[in-house]
Amino acid sequence: MAQKWRIRITMVLGLILAIIQLYGGLWPIATQTLRAIHVALGLGMAFMIYPVVKRKEGKRDLLSSKLMFVVDFLFTAGIILCCTYFITELEALAYRGGNPSTMDVIVSCVAVLLVLESCRRSLGAAMPIIAVIFIVYAMLGNLPGFLQHRAIDVEWLSTHLFLTTEGVFGTTIGASATTVFLFVLFGAALEKTGGGEFFLQLAYSVCGRYRGGTAKVAVVGSGLMGMISGSAVANVAGVGSIAIPLMKQTGYSSDDAGAIEAVSASGGLIMPPVMGAAAFIMAENLGVPYSEIILAAALPATLYYMAILFSVDFIAGRQGLVGMPKDQLPKFRAVMKEGYLYIIPMLILIYFICIAKTSAQRAAFWGFVSIVVLYAVRKILQEKDVRGFCKMILDILIDGSRQAVSIIAACACAGIIVGVISLTGLGLTLSSALVDLAGGSLFLLLLYTAIACIILGMGLPVTACYIILAVLAAPAIVNLGVPAIAAHLFVMYYGVLSNITPPVALASYVAAGISKSKPLNVAVTSCKMSVVLFVLPFMFIYQPVLILQEVQAVTLISALVTSVVGVIAISAGSQRYLLRNASVLECLMLLVGGFCMLYPESISDVVGIVLFVAVVLIQLKKRKSARAASA
């Protein structure tokens, strides 16, 4: 009985949240009101979806199911009441200023605790622990060195974190409430109405017949699906369950199959036009249109997937693998005829964001509406199934809200961390300390930031990892003369790569489960396959033209040519194959040449191209000799 009530309450809250968010996508709602509703309903759902105690099969919990439901219901009611208090007291709070009432303090303390608890349930303990450390830091004050600041009492701190727009209701939850949620809803609609299956079949029809075709399907399919799901782990689970067994059947090892899927799935978070939640928060932080983020991310994302595709092809060449038989592949024309309508919502997104220059929020709204209209045409006009259409729309709204719960919890908890940083001035002092630690060296600063991203990413989702380091580390990089958008993309890229970096590599571990391989083996193989990807963020820092900053035609063409050839060279060197199996010396020449081409200097480019061409000529000569000998 308790479980039925959980489901009912979750459905009602999710439906209300989705309807309010869609309304806000077309008709503006007051900023503070929308953010408070977003937090109230989103975290209320979190308490219903994730019980206070997780029950284990075959064991009885200390708490009965009914008692757990009562506790979770009280938590749900508590966060809704706290957010309602914030909305109703908005005007009075402005008058009270720095003199909070007793009720203000009580509500704020309860709300902060509920935010931490909701985040713990939906994302694990890592992020709430970090938030608590920041809270303790704010209250202590008397610390050595650059960490010293004035101690902050509970009244001031709690009300700052909850009853202002610099804490829980800050820019991070603002991005979630205005943009991220609608894109999650858009992705849920596209996937549930069959768009996900269409894109996967499209990848099979285009790539399946080539050498290593099943792996290339995984790469392309994961890139397309990643734009929809916004989650590397969900992407691995969705595409990998189909692609990984097929890769193994066509000759790829369990480690290679799992690694290919993990690396490909992670890239979906940086692939325009629909990137992960961190990209929308980045636009909010930088105060730029989302279209600028898309344009900046386009070339690096293309190079990312190009590196994976070449690695996959070289693995197939080294192992003598072939494509799938044509009779087992869907026909391109048949796939397009069946599902070409699913391309329309993507085109609508691109039109509204890049051509009409509307907000990303409005673009997502019209993208969602286009899916509903197209589905209505099929279900109502063609199949005369009105009931099926209505049921599907309800499922989409509720499921979209469920998918957004963990993002809302992460953004609310991140707001606590950002609020402490703004209140204590830690961001400025830490940025100065990082620059001093690096001795003014941009390379060392980037290296420290990359390591911090990977370490934080082990316990945090990409969005949370980006939010924290965008405040702490990105300003230090900008202080050394790097364009702000390049610094923020750098942080986000390494947050994404933490999905495949051991010892904690969530995407690799999920892929290992599907491929029936050892998790650490898949994570290590993923890193070997991703040599280029770890260098890529450094490339666009030193060559801003790759993210379309400081663009000049000659510089852009030169950077693209050397980057593409460099990616091919490093992929070939790391996989020990170019036109044929490569010797140790050839691999070394390819790696050195590739890295030389990725470094933005004319001399290094020339050296890199010479080394690459030399290896090509050597391999052509060897191949010719081998053919003559066999003849």
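We count residues from 1, following the sequence as given.
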### Message
Between Phe186 and Met346, does the side-chain contact (heavy atoms from CB on, under 4.5 Å) criterion hold? Intermediate values first, please.
### Response
CA-CA 10 Å; Phe186 172 84; Met346 306 300 288; 3.9 Å; yes
### Task
Report the C-alpha distance between Thr165 and Thr31 in whole Å, list the side-chain angles of each, state the deciding distance to 0.1 Å, and finish with yes or no for side-chain contact (heavy atoms from CB on, under 4.5 Å).
CA-CA 10 Å; Thr165 53; Thr31 302; over 6 Å; no
### Message
Phe162 vs Phe169, test: ring-ring contact (aromatic ring centres under 6.0 Å, His included). Steps then yes/no.
### Response
CA-CA 7 Å; Phe162 187 71; Phe169 300 120; 5.0 Å; yes
### Message
side-chain contact (heavy atoms from CB on, under 4.5 Å), that's the test. Do Val110 and Leu81 meet it? Break it down for me.
### Response
CA-CA 10 Å; Val110 170; Leu81 288 173; over 6 Å; no
### Tyr493/Phe540 under side-chain contact (heavy atoms from CB on, under 4.5 Å): CA gap, chis, key distance, verdict
CA-CA 11 Å; Tyr493 258 70; Phe540 60 69; 4.1 Å; yes
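The backbone N or O of Ser101 lies less than 3.5 Å from a partner atom in the side chain of Asp104, making a donor-acceptor pair. A donor-acceptor contact shorter than 3.5 Å is absent between the side chain of Thr424 and the backbone of Ala138. Side-chain atoms of Thr178 do not come within 3.5 Å of backbone N or O of Gln361 as any donor-acceptor pair.
Proximity of Leu185 to Leu397: side-chain heavy atoms (C-beta onward) are separated by under 4.5 Å at one or more points. The shortest side-chain heavy-atom distance between Val112 and Ile135 falls under the 4.5 Å cut-off. Within the 4.5 Å cutoff, no side-chain heavy atoms of Thr449 are placed close to those of Tyr494. Between Ile270 and Met492, some side-chain heavy-atom pair lies under the 4.5 Å cut-off. For the pair Trp5/Phe73, no side-chain contact is recorded, criterion being any heavy-atom separation below 4.5 Å from C-beta on. Counting heavy atoms from C-beta outward, Val39 and Ile173 have side chains that approach closer than 4.5 Å. With contacts defined as side-chain heavy-atom distances shorter than 4.5 Å, the pair Asn285/Thr171 qualifies. Residues Ile396 and Thr193 form a side-chain contact, since some pair of their non-hydrogen atoms from C-beta on lies under 4.5 Å apart.
From Leu41, atom CG reaches atom CD1 of Ile79 across 10.5 Å, with rounding to the nearest 0.5 Å. In this structure, Tyr85 OH and Leu163 CG are separated by 7.0 Å, a value rounded to the nearest 0.5 Å. Atom CD in Glu117 sits 5.5 Å away from atom CZ in Phe75 (nearest 0.5 Å). Rounded to the nearest 0.5 angstrom, Met68 CE and Gln3 CD are separated by 9.0 Å. Taking SG of Cys413 as the start and CD1 of Ile468 as the end, the distance is 8.0 Å to the nearest 0.5 Å. To the nearest 0.5 Å, atoms CG (Asp399) and CD (Gln403) are separated by 4.5 Å.
Residue Gly78 comes nearest to Leu114 through the heavy atom pair C-CD1, 3.7 Å, listed as atom of the first residue, atom of the second, then distance. Nearest approach of Val496 to Ser266, heavy atoms of both residues: CG1-O, 3.3 Å. Heavy atoms only, all atoms of each residue included: Ala409 and Leu43 are closest at CA-CD2, 3.7 Å. Shown here for Phe280 and Tyr290, the closest heavy-atom pair between the two residues is CE2-CZ, 3.3 Å. Considering all non-hydrogen atoms of both residues, Ala131 and Leu116 come closest at CB-CD2, 3.6 Å. In terms of heavy atoms, Ile281 sits closest to Cys411 at CD1-SG, 3.9 Å.
Each of Ile467, Leu161, Val168, Leu423 was scored for a side chain to side chain contact (heavy atoms under 4.5 Å, CB included) with Val418, with one residue passing: Ile467.
Atom OH of Tyr448 sits in a crowded spot, with more than 12 heavy atoms from other residues, nucleotides or ligands closer than 6.0 Å.
Checked by atom type, the side-chain pair Tyr50/Asp72 shows no donor-acceptor distance below 3.5 Å.
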When the side chains of residues 470-489 are checked against the rest of the protein, which donor-acceptor pairs come out under 3.5 Å, sequence neighbours left out?
unit_1, atom_1, unit_2, atom_2, d
Asn479, ND2, Pro475, O, 3.3
His488, ND1, Tyr466, OH, 2.7

I'd like a table of donor-acceptor pairs (distance under 3.5 Å, sequence neighbours excluded) in which one partner is a side-chain atom from residues 10-30, with atom names and distances.
unit_1, atom_1, unit_2, atom_2, d
Thr10, OG1, Arg6, O, 2.7
Gln21, OE1, His38, ND1, 2.5
Gln21, NE2, Ala177, O, 2.5

